[in-house]
Every structure is written in C-alpha cells, then in structure tokens.
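Everything numeric in this text was worked out from a predicted model, so none of it was measured. Residue numbers start at 1 and run along the sequence shown.
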Amino acid sequence: MRSGIALTLFGSGPKGVEKDVTALQINVLGPLSVHVGQMDMTPTAPKPRRVLALLAICANRVVRNEQIIEELWENSPPTSVTTTLQTYVYQLRKHLQRALTPQSGGTGPGSAPTSELRTFAGGYMLSLAPEALDSLRFEQLVAQGRAALESGRTEAAARILRDALALWRGPALVDVTPGPILQVEVLRLEEMSKSALELRIEADLLLGRHHELLSELVGLSARQPTHEGFQAKLMLALYRAGRRSEALGVYQGARKALVAELGVDPSGDLQRLHRAILEGDPSLSEAGPPPIGLESLAMSIPRQRRLEYRQVGAVQ
C-alpha cells in the first residue's frame, strides 16, 4: 500500500508552441516565490512554506517522510506528527490546485492538467520541468556551459554560464528559515553557483578578458579571502594586465588569511602560481586559464567551504 503523496506539476508545452503566460513558476534562487502568470501564490504560513521549499529544492526526487519531519521539527516532532504532516501537504496541494484551476487563470487553452496528487510509498515528490523552477534551469545551464567549455566553444560557454548566474536573485531561500535538510541543499546550490562563477571566469580568461575581470575578481577575493580559486584568478588577471607587484601582493594576503582563519598554508598549486609570477614565466602571459595544473585548484571546493560542509554533515 502506498503511504505518501507525490505532487506532480507538468512543464511547458511542445517545442515551438508559444509559452503559456499563466504557467506555474517556482523560484528558490533568492526569496521563495510561487507565481502563476502575474499572480503571486507564495504560501505565507511558515511550515507549509518550508515544506514547499524542501520539495522544490529537491524537485524530481522523492523526499522521504522522515526527512520532512526532521526538517520541520528536528528531534522534537509532535505526537500527532503523521497527521500534522498530512495536513500541511493537503494545505499545500489545495493552495496550488486553487492557483492552477481554469477559474483562476492558471491553465491556458488546450494545455495539459498542471497539478495532480499521486500516492507513493514513504515520501513526497515535486516533479517539475526546468522551465518551471529556476534552480533546475540553473543546473541545466551550468551543465551546458561546462560541456561547451570542455569542447572548446569558449564564447558560448561564457554566455551560457552568464545566463545561468543571472537567475540568482540573492542567497537561495533567503526568506525561509532552514532546518537541517534545507541547509544542506542550500549549501549544495551555493557551491554550484561558485563553481559556475569560476567556470565563467575561466572562459573569460581564455577569451583574453583579464582587464574586464579585474573589478569583479577584486570584489570576490576581498569577500572570500580563503577561496584559493578566486585568489589564483585575480593573481593571473593582474599579471596579464601588467600589474605584477599587485599580483604578488594578492598571494601574500591570501597566505595570511589562510593561516589566520584556517591554520593552513596556501595549496601547492597556488604556491606554484606565485613562483611562476616571481620568475616571469612566459606561459602566464598567454590567454587561458591558470597554467601549471591550476585548473584543479580553480575547480576545487576551497578548504573553508569544506569545513562548513562538515559542520552540517554535507561532506562525510
């Protein structure tokens, strides 16, 4: 016997058909929002908001009942937890169905049904097309941008990754108080955003845009002094812009921050880039990403973030 409910919301129509202006749109890359066309249908009650946020950020994956219970109540669920959870899901389903009924303008002429609830064993699933959820579109674009960069289509990669990053409107679910499950998912999206940003900067370096990158990299490096990928890219951009002494100064600042905040020295890759700048390595002047194996540095999760991941149990 099935004991859970799956909330299934279908995406856009066939390719080439004009997009329905009344389609459902859920956004999590910033404040949580639910819109049907121009109508704001975002839940206001705290618990249903968090249930929707969790189902959305885990879209197309079954979220087990125990995960939702842990998210909402951690180690102190109410005695009637099963009934309470079912009530929240019922309220959420009713809320979305009311938004998507023809009377409310939620479905266009000839469109497929946009909302139905099915029963699944042990959990809930929100099934969405990428067009209906900004985080799914973001992940799809990042994958496309990464593939374009790996295949040598650098201009396309930079454009696609820029479009992906433009979907962010602030920290993910900034107006939702996260429990332990949401916290991990938010960190996952934040790390993917940083990875996409590094890929986009790498593409711009390959295109010889080091002058245009300087102001952005200065801000990123100042805000995240222990992020060695950003420090390496700033050093490289400064060196290529003829500002060698400033590039060396960035290394010294990064070294001090790593020692002070994490108690570690710069990685071997960052140290090799520093030596290459000191020696005036000719390969540094060529348009491209950081040389001498620094691509592994650019794509790695910085040590500060790995420590944060361990604190919430995201990295075993």
Side-chain angles (χ1 to χ4, degrees), residues 142 146 149-150 154 157-158 161 165 171 187-316:
V142 171
R146 187 187 300 273
L149 190 59
E150 290 175 351
T154 311
L161 291 164
L165 292 163
L187 282 174
R188 178 185 67 83
L189 284 174
E190 288 177 352
E191 285 304 330
M192 186 174 293
S193 174
K194 286 188 178 183
S195 177
L197 180 56
E198 289 194 71
L199 281 173
R200 199 225 79 216
I201 293 172
E202 181 179 328
D204 284 337
L205 284 172
L206 282 165
L207 294 167
R209 296 171 178 167
H210 40 273
H211 286 286
E212 295 91 329
L213 286 170
L214 280 175
S215 61
E216 180 181 17
L217 283 169
V218 166
L220 288 169
S221 299
R223 290 191 295 271
Q224 302 178 65
T226 60
H227 192 298
E228 295 181 63
F230 291 148
Q231 307 300 325
K233 287 177 170 61
L234 176 57
M235 290 167 64
L236 187 62
L238 285 168
Y239 183 81
R240 289 177 177 172
R243 297 160 65 175
R244 179 184 179 189
S245 62
E246 293 176 64
L248 294 171
V250 169
Y251 175 81
Q252 295 302 327
R255 184 183 63 80
K256 290 178 182 178
L258 287 164
V259 170
E261 296 186 27
L262 304 179
V264 298
D265 290 321
S267 67
D269 283 337
L270 196 61
Q271 292 182 42
R272 284 192 290 275
L273 177 59
H274 177 243
R275 285 197 299 271
I277 291 174
L278 280 172
E279 297 167 0
D281 188 331
S283 67
L284 294 179
S285 299
E286 301 172 0
I292 53 178
L294 280 162
E295 64 276 3
S296 60
L297 166 66
M299 294 308 303
S300 64
I301 296 175
R303 282 171 280 183
Q304 174 68 39
R305 299 300 291 171
R306 287 203 294 268
L307 290 175
E308 293 175 5
Y309 259 43
R310 291 193 186 102
Q311 290 173 0
V312 296
V315 174
Q316 299 300 325

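- In terms of modelled atom types and a separation under 3.5 Å, the side chain of Arg146 and the main chain of Leu161 share no donor-acceptor contact.
- Contact between Ala232 and Leu273 at its shortest, heavy atoms only, is O-CD2, 3.5 Å.
- For the residue pair Ser221 and Phe230, the shortest heavy atom distance occurs at OG-O, 3.5 Å.
- Between the side chains of Ser267 and Asp269, not a single donor N or O lies within less than 3.5 Å of an accepting N or O.
- Atom CG of residue Leu238 and atom CG of residue Leu214 lie 5.0 Å apart, to the nearest 0.5 angstrom.
- For Thr226 and Glu261, the side-chain atoms include no donor-acceptor pair closer than 3.5 Å.
- A salt bridge is defined here as a Lys NZ or Arg NE, NH1 or NH2 lying under 4.0 Å from an Asp or Glu carboxylate O, and Arg200 with Glu216 meets this definition.
- Ionic pairing of Arg209 and Glu212 is not present here: no N-O contact between side-chain nitrogen and carboxylate oxygen is shorter than 4.0 angstrom.
- A heavy-atom distance below 4.5 Å is not found between the side chains of Thr154 and Asp204.
- Distance check: Leu207 CG to Glu202 CD gives 11.0 Å after rounding to the nearest 0.5 Å.
- Listed here is the closest heavy atom pair of Ala237 and Leu217: CB-CD1, 3.9 Å.
- Counting heavy atoms from C-beta outward, Glu198 and Leu220 have side chains that stay 4.5 Å or more apart.
- With hydrogens and angles disregarded, a donor-acceptor distance shorter than 3.5 Å links the side chain of Gln271 to the backbone of Pro266.
- Rounding to the nearest 0.5 Å gives a distance of 5.5 Å between CG of Leu236 and CG of Leu205.
- In this structure, Gln231 CD and Leu270 CG are separated by 7.5 Å, a value rounded to the nearest 0.5 Å.
- Residues Val218 and Leu234 are in side-chain contact: their nearest non-hydrogen atoms beyond the backbone lie under 4.5 Å apart.
- How far CD1 of Ile277 is from CZ of Arg240: 10.0 Å, rounded to the nearest 0.5 Å.
- Of the inter-residue distances, the one linking Arg255 atom CZ with Gln252 atom CD reads 5.0 Å to the nearest 0.5 angstrom.
- The two residues Tyr239 and Gly280 have their closest heavy-atom pair at OH-CA, 3.3 Å.
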